[in-house]
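Working notes, structure below.
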2 protein chains.
Amino acid sequence: MDAAQSEPRPATQSDDACRTRVVLDIVGDKWSLLVVRHLREGPRRFTELKKAIDGISQRMLTVTLRSLERDGILTRTVHGVMPPHVSYELTEMGITLREATAPLLEWSVAHLARIDEARAAYDARTGPSAAS
Amino acid sequence: MDAAQSEPRPATQSDDACRTRVVLDIVGDKWSLLVVRHLREGPRRFTELKKAIDGISQRMLTVTLRSLERDGILTRTVHGVMPPHVSYELTEMGITLREATAPLLEWSVAHLARIDEARAAYDARTGPSAAS
DNA sequence: CGGAATCCAAGCCGATACTG
DNA sequence: CAGTATCGGCTTGGATTCCG
């Protein structure tokens, strides 16, 4: 999908809503924010990230890193070809993204218990057998 | 009804990381935040939401609303059975969730252009034909 | 070590049809 | 009006293999 530059939209609210999905796709991605968080203390190598992020496959780490690099969230630097040595580091924009998501993560920690309660109550209401 | 939860987890760091995914799954969902935003000015009916949220299918609206209801983000109220009249409204928790996501949405609007630039530059670098 | 490529199972989601 | 049920295409992502 490439943007049709020849059509300068009036920029309606629905446009804004659609466009925010670009960012929500990043944030909502299963691994993206985890990678960003693990880079907050500085550059990390591929294998470091792989070991630090529990459960991620090599393929998904590669895909996630490429995507974040393409979006300008982090940089990929090749230090040596033999043996290979690649490090990833947050860009300025990546750092501000992490800051922008901080309130959300705080909210998560603060409300996780209530979500669990709500889920349990809902499942009890709709039928114990319907519990996921 | 008091829940006698007698199993307090040790709550390690990896637990925290895993647990935040519960919320990230909500935020990252294709439609959830859109629904939440459209409820910010008060209760809305099913059909109102369907018309307001462009591109959502009836099925996905139902699924999304059920999920958000189960998580305690919104309430579902049946006002009449014939003809059917159902309204959805944010809970207090839903309102705070919307507030917690506000910084992220502001960040989105502020950085969308730079993301577009980064993507274009990346695609130009890696080969124009490789553009996703 | 860091990735690319292939295969394939699981699930997401839109379209459609049906219901109270 | 506000759903539920079902089918099928498409995407997602893990496992595996190969490569510089």
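Each chain gets a letter, A, B and so on, in the order the sequences are listed, and its residues count up from 1.
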Can you tell me how far [atom2] of [N] sits from [atom1] of [X], to the nearest Å?
{"X": "B:D25", "N": "C:dG11", "atom1": "CG", "atom2": "P", "result": "14 Å"}
{"X": "A:L49", "N": "C:dC1", "atom1": "CG", "atom2": "C1'", "result": "13 Å"}
{"X": "A:L61", "N": "C:dC1", "atom1": "CG", "atom2": "C1'", "result": "13 Å"}
{"X": "B:R66", "N": "C:dC12", "atom1": "CZ", "atom2": "P", "result": "17 Å"}

DNA chain C: 5'-proximal contact among A:P83 and A:R59 (nearest heavy atom):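 With A:P83 and A:R59 compared, the 5'-side residue is A:P83.
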Flag side-chain contact, heavy atom, 4.5 Å: A:Y122 against B:R66: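 Yes. Closest side-chain heavy atoms under 4.5 Å.
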pair B:E41-B:R44: side-chain heavy atoms closer than 4.5 Å: yes
Proximity to the side chain of B:Q58 - top-ranked nucleotide from C:dA17, C:dG14, C:dG3: C:dA17
Closest-nucleotide ordering on DNA chain D, the 5'-leading residue of A:M82 and A:K30: A:K30
5'-most by nearest nucleotide on DNA chain D - A:G55 or A:P84: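 This one resolves to A:G55.
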Side chain to side chain contact (heavy atoms under 4.5 Å, CB included) partner of B:S32, the single match among B:V36, B:V35, B:D29: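 One option only clears the test, and that one is B:D29.
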Heavy-atom pair of closest approach, residues A:G72 and A:M93: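 Smallest interatomic distance, heavy atoms only, reads O-CE, 3.5 Å.
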Parallel, tilted or perpendicular: ring planes of B:H85 versus B:H79, cut at 30 and 60 degrees: perpendicular
Exam field: side chain B:S67 to backbone B:V63, donor-acceptor pair closer than 3.5 Å: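 No.
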Range on DNA chain D touched by chain B - first to last nucleotide, heavy-atom distance under 4.0 Å: D:dC1 to D:dT6
